[in-house]
Amino acid sequence: MKLATGIVASLVIGSLSFGVFAAKELEKDKVGEMNLTKVGEITTSDTTAPMDARKELSKKADELGGTYYVITSGSKNEKNVHATADVYK
């Protein structure tokens with residue numbers, strides 16, 4: 001559980017320099033304030049670093065037609081980082 005929390009925290013902290021990608025990462029509480037519509041869920045596949053997971057999530061959110069994504073979980077095994085997110089527009 002601590003590892004998953006650490007991965008999610010790394011993904012969120014890394015988002016401070018975010019801006020190159022089209023889909024933006026949001027915090028869960030901002031979704032209600034912005035009156036967004038959920039358009040789907042996405043997952044990363046075989047990324048090796050939290051930054052790579054964020055890039056993949058952003059790309060997949062773009063492919064779904066989303067503008068924003070909210071990371072809902074993250075985990076890391078020996079070599080790979082896996083993350084899931086909800087996509088909104």
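If you read the sequence from its start, that first residue is 1, and numbering goes on from there.
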Please name the pair of heavy atoms, one in [X] and one in [Y], separated by the smallest distance, quoted to 0.1 Å.
X: Ala61; Y: Ala23; result: CB-CB, 3.6 Å
X: Val39; Y: Gly66; result: CG2-CA, 4.3 Å
X: Ala53; Y: Val81; result: CB-CG1, 4.0 Å
X: Lys89; Y: Thr67; result: CB-OG1, 3.9 Å

>> Between Glu56 and Ser45, does the side chain to side chain donor-acceptor pair (under 3.5 Å) criterion hold? Intermediate values first, please.
In response: CA-CA 8 Å; Glu56 186 174 337; Ser45 52; 3.1 Å; yes
> In terms of hydrophobic clustering (I, L, V, M, F, W, Y; side-chain heavy atoms under 4.5 Å; direct or indirect links), are Ile71 and Val31 co-clustered?
Replying inline: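 Per the 4.5 Å side-chain linkage, Ile71 and Val31 are not co-clustered.
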>> Applying a strict under-4.5 Å side-chain criterion to I, L, V, M, F, W and Y, I'd like to know whether Val70 and Met51 cluster together.
In response: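 No, it is not one cluster - the side chains of Val70 and Met51 are not joined through contacts under 4.5 Å.
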> Can Lys28 and Asp86 be said to form a side chain to side chain contact (heavy atoms under 4.5 Å, CB included), step by step?
Replying inline: CA-CA 10 Å; Lys28 182 78 171 164; Asp86 292 334; 4.2 Å; yes
Atom [atom1] of [X] and atom [atom2] of [Y]: how far apart are they, to the nearest 0.5 Å?
X: Thr44; Y: Arg54; atom1: OG1; atom2: CZ; answer: 12.5 Å
X: Thr47; Y: Lys55; atom1: OG1; atom2: NZ; answer: 11.0 Å
X: Leu64; Y: Lys59; atom1: CG; atom2: NZ; answer: 13.0 Å
X: Tyr69; Y: Glu25; atom1: OH; atom2: CD; answer: 4.5 Å

>> Which residues pass the side chain to side chain donor-acceptor pair (under 3.5 Å) test with Lys30, not counting sequence neighbours?
In response: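 If we apply the side chain to side chain donor-acceptor pair (under 3.5 Å) test to Lys30, skipping adjacent residues, there are no hits.
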Is there side-chain contact between [X] and [Y], with at least one heavy-atom pair below 4.5 Å?
X: Tyr68; Y: Leu36; answer: yes
X: Asn77; Y: His82; answer: yes
X: Thr84; Y: Ile42; answer: no
X: Met34; Y: Leu26; answer: yes

>> Just checking Asn35: does its CG atom have more than 12 heavy atoms from other residues, nucleotides or ligands closer to it than 6.0 angstrom?
In response: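 Counting other residues, nucleotides and ligands, CG of Asn35 stays at 12 neighbours or fewer.
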> Any donor and acceptor pair, going by atom type alone, linking the side chain of Thr48 with main-chain N or O of Lys79 inside 3.5 Å?
Replying inline: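 No; zero donor-acceptor contacts below 3.5 Å.
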